[in-house]
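Here the structure comes first, spelled out in structure tokens, and everything after it is commentary.
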Amino acid sequence: MAVLPILEFPDPRLRIRAEPVRAFDASLQQLVTDMFETMYGANGVGLAATQVNVHQRVLVADMSDERNQPLALINPQILEKDGSQVYQEGCLSFPGLYADVTRALRVRVRAQDVHGGEITVEADGPLAVCIQHEMDHLEGKVFVDYLSSLKRALLLKRLDKQRKQAATA
Ligand code: NI
């Protein structure tokens, strides 16, 4: 097992569109294991393979307080979505930054498990947010893309400031 380095915005590799997974082999299982370890280690609720510089359609999530409901989705596709919700999102690629984003309230997703079996997940509330956020990463999209240019500029300025403070601390 290994904790993988997480790409941070504005790393251009966060903009790469991920490719479908075709081989459900030991290296995929290793990737998923490492992604869970990386996500839990960083106290995150979700992580897309893109964020660890692997450009395959893989995401992991766990929204539970007890950190005992791991969900791994390979090649996820949204079948249906409805409703809308505003949720304050964060992202391991934007440490310390949070912003309100509007997304669908409910999603029904078809995906594969690590062995290639087909699974369907119905999610609402925070888990639905998380799945949509991580699926965006696989498209090279990040949550600040949803903000107005003014809000985004303010947020990125704050990120810059935090980095400078961290560098001089
Ligand atoms: Ni993210």
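Small disclaimer: the values here were computed from a predicted structure and weren't measured. In each ligand, atom 1 is the first atom listed, and ligand 1 is the first ligand listed. In this chain, numbering begins with 1 at the start of the sequence shown.
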*Please report the closest heavy-atom contact between Val107 and Lys81, naming both atoms and the distance.*
CG1-CB, 3.9 Å
*asked:* Out of the candidates Gln112, Arg22, Glu118, only one should pair with Asn75 under the side chain to side chain donor-acceptor pair (under 3.5 Å) rule; please name it.
replied: Gln112
*At a cut-off of 2.8 Å, list the protein N/O/S atoms near the Ni ion (ligand 1), residue plus atom name.*
Cys91 SG, His133 NE2, His137 NE2
*Looking only at atom types and distance, does a side-chain atom of Glu89 sit under 3.5 Å from a main-chain N or O of Tyr98, one as donor and one as acceptor?*
no
_Can a side-chain donor-acceptor contact be found between Gln51 and Ser93 if the only test is distance below 3.5 angstrom?_
yes
*Test salt bridge (Lys or Arg N to Asp or Glu O under 4.0 Å) on Arg57 and Glu139 and set out the steps.*
CA-CA 9 Å; Arg57 306 187 82 78; Glu139 298 298 327; 2.3 Å; yes
*asked:* Are Leu71 and Val109 linked, directly or through intermediate hydrophobic residues, by side-chain heavy-atom contacts shorter than 4.5 Å (ILVMFWY only)?
replied: yes
